[in-house]
Amino acid sequence: MIIKEIKIYSKTHFIKSNLLTASYNHTNRDSWIIEITNSNHITGYGEASPVPNFNNETYEQVGYSLEGFKLALKDVKEIDVEEIFIMAKVHSFEVPSACFAIETAIYDILAKESKMPLNLYLNDNAHSKISVNGIYMLSDYKKYNVMKVKCGFRNLYDEIELLETLTEKYGESMKFIVDLNESYDLPKAIRFFKEVARFNIEYIEQPIKQNNLEDLLELSFHTDIPIALDETIKNIISIETALKINCGDVFIVKPQTFGSFADINEAIKLIKTEDKIPVITSSLEGIIGRLSSMHIASANLIDSACGLGFDSIYDDEKQYIPIVVDGFVEISNKIGLGYN
């Protein structure tokens with residue numbers, strides 16, 4: 001591949017409606033955008049958006065990593081694609097969102113050169129549509145069968161009242177993903193699980209601190225509600241550690257946190273092999289990152305509802321957002337990511 005130009009710039013996405021969680025108030029999101037153009041004037045796009053209070057990398061580190069990658073290719077006239085992926089990993093060591101952005105841009109180019117949507121370029125048997133969940137306070141509930149509700153920062157009675165209100169509003173067929181964002185210790189988590197057992201719960205996400213696998217495992221003996229690991233899951237090693245003690249039922253993979261496409265694919269394969277449920281979620285980054293997560297979920301044949309945030313979360317992306325119908329998104333036949 002001959003790379004003619006690399007552009008890197010920062011972008012702030014301003015949210016239309018604030019999203020309050022147990023760990024932070026999501027009002028805006030900072031991303032780095034990378035545009036890589038080859039000698040055929042085909043441009044691939046990638047987005048690096050480290051997750052606040054989740055990733056160990058900083059926004060500044062991501063920018064330095066991307067600039068380092070750009071400088072390394074400055075005087076290179078032609079380079080093999082596999083070498084690009086190697087260089088991406090070298091220059092994004094411990095900065096996974098930078099690696100993800102670079103690889104997304106390269107795969108976007110490759111898919112466009114092949115005149116294929118990215119999901120089919122990655123897997124010619126990819127799902128033609130995927131299940132997605134909505135997010136309470138951000139999503140139109142009429143589009144979804146599964147709704148994520150951020151909890152853990154209200155008192156218990158208010159949490160129960162909210163779930164009662166939403167069940168009445170959405171109907172008893174609506175399933176809920178309850179995200180606790182590490183809010184409880186074991187006794188409080190046991191009580192919470194017992195109190196919400198009467199609702200139509202798909203699973204409860206990260207009820208206890210991410211590294212407290214012993215209590216997360218103990219919690220599973222007190223409930224039939226599936227437990228999802230989110231903050232716990234950051235890389236292949238964290239998955240292997242949880243699987244070793246049979247901790248967790250649902251494993252949430254955030255591409256921005258894993259970095260390379262190969263690691264994401266390996267993670268999902270490992271989760272499936274152990275008869276656990278893999279789910280791909282975005283981290284409410286911009287539309288480039290969310291579209292790439294969609295294609296990865298499709299290519300990896302994910303059947304459970306994925307949290308990709310396909311609503312008009314930010315002001316400047318409406319034209320690129322796939323349409324959600326009855327909880328599903330059809331993957332369009334636009335080549336590459338489907339962005340520009």
Would you confirm whether [X], through its side chain, and [Y], through its main-chain N or O, come within 3.5 Å as a donor-acceptor pair?
X	Y	value
Thr223	Ser220	no
Ser65	Gln61	no
Ser49	Asp30	yes
Asp249	Pro226	no
Asn133	Val146	no
Glu182	Ile208	no

Between [X] and [Y], a side-chain donor and acceptor under 3.5 Å:
X	Y	answer
His41	Glu5	no
Gln206	Thr232	yes
Tyr121	Asp108	no
Ser283	Glu285	yes
Ser97	Glu57	yes
Thr37	Thr43	yes
Asn340	Tyr320	yes
Arg29	Thr12	no
Asn246	Lys276	yes
Asn300	His127	no

*asked:* Using the rule given for side chain to side chain donor-acceptor pair (under 3.5 Å), can you reason through Ser293 versus Ser282, listing the C-alpha separation, both sets of side-chain angles and the distance that settles it, and then say yes or no?
replied: CA-CA 6 Å; Ser293 295; Ser282 73; 5.9 Å; no

If I take atom [atom1] from residue [X] and atom [atom2] from residue [Y], how far apart are they, to the nearest 0.5 angstrom?
X	Y	atom1	atom2	answer
Ile8	Lys70	CD1	NZ	5.5 Å
Leu180	Phe153	CG	CZ	10.5 Å
Ile102	Ser260	CD1	OG	11.5 Å
His295	Ile130	NE2	CD1	9.0 Å
Glu83	Glu78	CD	CD	10.0 Å
Phe310	Ile135	CZ	CD1	11.0 Å

*Could you tell me whether Phe199 and Phe176 have their ring centroids closer than 6.0 angstrom?*
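Between Phe176 and Phe199, which both carry aromatic rings, the centre distance is not below 6.0 Å.
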
Hey, are [X] and [Y] close enough for a salt bridge, meaning a charged N less than 4.0 Å from a carboxylate O?
X	Y	answer
Arg290	Glu317	yes
Glu159	Lys150	no
Lys272	Asp303	no
Asp185	Lys209	no
Lys148	Glu205	yes

_side chain to side chain contact (heavy atoms under 4.5 Å, CB included) between Ile190 and Leu186, worked out_ = CA-CA 6 Å; Ile190 291 172; Leu186 179 60; 3.9 Å; yes

Should the heavy atoms of other residues, nucleotides or ligands under 6.0 Å from [atom1] of [X] be counted, would the total exceed 12?
X	atom1	answer
Asp224	CG	no
Tyr141	OH	yes
Phe93	CZ	no

*Give a yes or no on whether Phe328 and Ile177 share a hydrophobic cluster (residues Ile, Leu, Val, Met, Phe, Trp, Tyr; joining criterion: side-chain heavy atoms under 4.5 Å apart).*
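No, separate clusters.
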
*Residue pair Phe193 / His222, side-chain heavy-atom distance below 4.5 Å*: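 No, every pair of side-chain atoms sits at 4.5 Å or beyond.
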
*Intermediate values then yes/no, side chain to side chain donor-acceptor pair (under 3.5 Å), Asp311 and Tyr144*: CA-CA 11 Å; Asp311 299 277; Tyr144 296 94; 3.0 Å; yes

*Show the numbers, then the answer: is there a side chain to side chain donor-acceptor pair (under 3.5 Å) between Glu47 and Ser31?*
CA-CA 7 Å; Glu47 178 176 7; Ser31 296; 2.5 Å; yes

*Which atom names give the shortest non-hydrogen contact between Ala228 and Tyr203, and what distance separates them?*
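That would be CB-CD1, 3.3 Å.
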
_Derivation and outcome, side chain to side chain donor-acceptor pair (under 3.5 Å), residues Asn38 and Glu113_ = CA-CA 10 Å; Asn38 70 3; Glu113 285 182 328; 2.9 Å; yes

*Parallel, tilted or perpendicular: which fits the ring planes of Tyr45 and Tyr339, with parallel below 30° and perpendicular above 60°?*
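Ring orientation, 0 to 90° scale: perpendicular.
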
*asked:* Over 60° means perpendicular and under 30° means parallel, so tell me whether Phe261 and Phe100 are parallel, tilted or perpendicular.
replied: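 Phe261 vs Phe100 ring planes: parallel.
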
